[in-house]
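Here the structure comes first, spelled out in C-alpha cells, and everything after it is commentary.
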Amino acid sequence: VDVEKIRNFSIVAHVDHGKSTLADRLLELTGVKKPGDEQSQVLDQLQVEKERGITVKAVTATLDYTYNNETYLLNLIDTPGHVDFSNEVVRSVTACQGVIMLVDANEGIQAQTVAVHSLAKRNNLVIIPTLNKVDLPRANPDKVKEQLQSVFKIDPNTVLSISAKKGWGVRELLEAVIMRIPPPKVVLDDHFSAHIIDTWHDKYRGVLCLAYITSGTVKVGQAVKWQSDSKLQTVKHLALLRPTEEPIDEAIAGQVVMVGCGPKGGGSVGDQLVAKELANASERLSAPAVKHMVYAGIFPADQSQHILLSDAIKKLALNDSAVSVTIDSSPALGQGWRIGFLGLLHLDVFTQRLLQEHKAEAILTAPSVPYKVKIKGAKLIKHYKTDEILITNPLQLPDPNNVVEYFEPFVKGTIITPVEYIGAVTSLCIDRRGTPLPSSAVDDTMTMLQFILPLSEIVVDFHDTLKSITSGFASFDYEDDGFHSSSLVRMDILINGMLVDELSTIVHASRLEYNARRLAEKLKEMIPRQMVQVAIQAVVGGKVLARETIKAYRKDVTAKLYGGDVTRRKKLLKQQAEGKKKMRSVANIKIPRDTFIDVLKK
Ligand code: GTP
C-alpha cells in the first residue's frame with residue numbers, strides 16, 4: 001500500500017438526500033457488490049436503520065479503484081446523518097480528509113446541509129459539492145447551484161451532478177474524490193500509533209475496533225499497548241472492511257482498518273493503540289465529549305420483565321457508547337433506569353432497538369434536559385470540586401436560597417423554510433423563548449432563519465409543530481450552544497396535600513403560571529373519579545399557582561368512571577399495554593400509571 005494512493009472520505013447530507021444509495025453505487029462500481037444485489041444498502045446494517053431509512057451506527061468500507069492505471073485504496077467512512085448522532089459524525093471525520101456533500105437537486109439546501117457543511121469546514125475537510133437525484137423530472141440543478149453559491153460561496157463550476165439511483169455521474173464523482181481529496185498526512189517512518197474511531201463487540205473475539213493509523217505500521221502478532229492503561233497487548237485480528245472483513249497481515253499509516261486484541265484486549269473510542277516502544281507520555285486523544293442533552297426514565301412495562309430489560313439495556317449500551325445509564329426507581333413505575341441521550345431521535349432509536357433486537361417492552365417517561373446551578377459557598381457540595389452542579393432530575397434542584405445562578409442548555413437552531421411561512425416560524429420560535437439571529441435568503445423562495453433556543457423548548461414537540469405549520473416544507477437542525485444563564489424554578493404537584501415526586505418539573509420563571517394551569521388541568525382529565533374528592537395543586541415554594549378539584553362520585557353515578565372525553569379515554573386504553581394499567585396510590589387516591597408517563601408530554 002502506498003500512502004499517496006489512500007483517500008479517506010465520507011458522505012454527508014441531509015436525511016434522504018441519497019447517502020446510502022450513493023454508498024451502494026460506490027460499492028458496486030468498485031466491485032464489492034454486484035449491481036442489482038438483493039441486499040441493498042449494505043452499509044445500513046441495523047434493523048432500525050432499514051426501517052427508518054436512517055443511518056445510526058457508522059460503518060466503513062475499503063474500496064479499490066483503478067484510475068489512470070493506478071490502483072487507489074478508498075476508505076469510505078459512513079457517517080450517520082442526523083444531528084443527534086453528531087457524536088459519531090465528529091468521530092468519523094477525524095479520520096477523513098474530505099467529504100462528498102450531497103444535496104438533493106429537487107429539494108435544495110436543507111437545514112442539515114448547513115450543519116454538515118459547517119462541520120466539514122470546522123475540520124478543514126475538502127468538500128466535494130454534489131447534486132443528487134438529477135434524474136427526477138423536477139430536479140433543478142442550476143437553481144440549487146445558485147443556492148450553494150449564495151449560502152456557502154461555492155463556485156458553481158466545482159459542483160458535480162449525479163443520480164445515485166441510476167448511477168449517472170458516479171464514476172466522475174469517484175475520480176473527483178481521487179483528484180480533489182488529498183492523501184492522509186501521516187508519518188510512516190515512526191512507531192505505530194492509531195486512533196480508535198469506533199468499537200463493537202464480538203462474542204468470540206471481544207472488542208473489535210475501527211482504527212485510523214496515524215503513524216508507522218502494524219502487523220498481526222505485534223506487541224502494542226493502549227495509551228489509557230499501558231498494558232501490553234497483542235494484535236490478534238487485523239482486517240480491511242469491505243465492508244465484510246478481509247483479513248490482512250499488515251497495515252500502514254493512513255489506512256482505516258479493523259483491529260482486535262482478543263477477548264481481554266479491550267479498546268474504547270478516543271483511546272490510542274500504540275507500539276509498545278512508545279513512551280507513555282504521549283497524551284490521550286480526547287474523545288469528542290459525549291453530551292447528554294436529553295434524559296428519560298425507562299421502566300419495564302411489567303416488573304416481571306425487569307431482568308430481560310436490564311440485559312437488553314446493558315447490551316445496547318455496549319454497542320452505543322453515547323448513552324449513559326443510571327439506576328432509577330419510582331413508586332409509580334417501579335425499578336428502572338434513567339438514560340441520557342444525545343437527542344430525541346437518539347432516544348427514539350434506542351428504545352426501538354430495545355424492542356426489536358431484544359424483545360423488551362419498556363415504558364418511557366417524558367424527556368427532560370439537564371440544568372446547571374451555581375451554588376452559594378462551595379462547602380455546600382461535598383462531592384463536587386466546583387461550585388456548579390448538574391441537575392438531571394427536578395428533585396435534585398437545590399433550595400433557591402442556596403443558589404447563586406441557574407443555567408439551561410441552549411442550541412443554535414437553523415430552519416430553512418419557504419418565505420411564506422417566515423411569520424409563522426418566527427412566532428413559533430419567539431413563543432419558545434427563541435432569540436432571532438440575522439436571517440439570509442437561500443433563493444427567491446426559501447429563507448434560512450436562525451435562532452438561539454432553549455433546548456427544553458424543542459425537546460418535546462418542536463419539530464412536529466414546525467412541520468405542521470409549514471405544511472412539511474421547513475427543515476430544522478440544531479447545534480449545541482452551551483449553557484446560558486436562566487431563571488428556573490421547581491414546580492411541585494400536590495394531590496390532596498401530598499407531594500408526588502414523579503410530577504415535579506423544572507420550569508422557566510416566565511412559564512410558571514401557564515405550566516401550572518396546564519398541568520393541573522391535564523391531571524384533572526387523567527385521574528379517574530374516586531370515592532373522595534381529589535384536590536390537585538401546582539405549587540412553587542409553598543405558593544399555590546393552580547388548583548383543580550375532581551369531585552367524588554355521587555351515589556347515582558355508575559356509568560361514567562373516567563373524567564374527560566370518553567372516546568378519547570377508550571382509545572388511550574386500547575393503545576396501552578396491560579402493565580401500564582396499574583395504579584399508584586397517593587394519599588389514598590388511585591392514579592393510573594399512564595398519568596406519570598403522559599402528563600408531562602405536550
Ligand atoms: P439517511 O440514511 O436517512 O440519511 O438517508 P440517505 O441520505 O441515505 O438516503 P437514501 O439513500 O436512503 O435515499 C433516500 C431516498 O431517495 C430513497 O428512496 C432512494 O431510492 C431515493 N434516491 C436516492 N438517490 C436517488 C436518485 O439519484 N434519484 C432518485 N430518483 N431517487 C434517489
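Numbering of ligands and ligand atoms starts at 1, following listing order.
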Worksheet item: Are the side chain of Arg25 and the backbone N or O of Ala164 linked by a donor-acceptor pair below 3.5 Å?
Response: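 Yes; judged by distance alone, with no hydrogens or angles, the pair exists.
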
Discussion item. Any non-hydrogen side-chain atom of Ile162 less than 4.5 Å from a side-chain atom of Val134?
Written reply: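 Result no, sub-4.5 Å side-chain heavy-atom pair not found.
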
Worksheet item: Should Lys143 and Asp443 count as side-chain neighbours, where that means a heavy-atom distance under 4.5 Å?
Response: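 Yes, at least one pair of side-chain atoms sits under 4.5 Å.
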
Under 4.0 Å from a heavy atom of [X]: which atoms of ligand 1 are those, numbered in the order shown and with their elements?
X	answer
Thr21	10 (P), 11 (O), 13 (O), 19 (C), 23 (C), 24 (N)
Ser163	26 (C), 27 (O), 28 (N)
Ser20	2 (O), 6 (P), 8 (O), 11 (O)
Val15	3 (O), 4 (O)
Leu136	30 (N)

Worksheet item: Which option, Lys166, Lys133, His14, owns the non-hydrogen atom nearest atom 16 (O) of ligand 1?
Response: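 Among Lys166, Lys133, His14, the closest heavy atom to atom 16 (O) of ligand 1 belongs to Lys133.
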
Discussion item. Is the contact between Lys19 and ligand 1 made by the side chain, the backbone, both, or neither, using heavy atoms and a 4.0 Å cut-off?
Written reply: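 Both backbone and side chain of Lys19 come within 4.0 Å of ligand 1.
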
Discussion item. One residue to check: Asn132. Relative to ligand 1, which of side chain, backbone, both or neither has a non-hydrogen atom less than 4.0 Å away?
Written reply: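 The part of Asn132 near ligand 1 is the side chain, not the backbone.
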
Worksheet item: Taking the six-membered ring for Trp, are Phe341 and Tyr295 ring centroids under 6.0 Å apart?
Response: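 No, too far apart.
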
Worksheet entry | Ring center gap for Phe410 and Phe483 short of 6.0 angstrom |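 Distance test on ring centres: not under 6.0 Å, no.
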
Fill in: All pairs passing salt bridge (charged side-chain N to carboxylate O under 4.0 Å, His left out) where residues 159-186 contributes a residue, at least two apart
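For residues 159-186: none.
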
Fill in: Pairwise salt bridge (charged side-chain N to carboxylate O under 4.0 Å, His left out) hits with a residue in residues 106-116, at least two apart
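Salt bridge (charged side-chain N to carboxylate O under 4.0 Å, His left out) check on residues 106-116 returns no pairs.
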
Worksheet item: Are any of the N or O atoms of Gly18 closer than 3.5 Å to those of ligand 1?
Response: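 Yes.
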
Worksheet item: Looking only at N/O atoms, are Ile162 and ligand 1 under 3.5 Å apart anywhere?
Response: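 No - when backbone and side-chain N and O of Ile162 are compared with those of ligand 1, no distance drops under 3.5 Å.
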
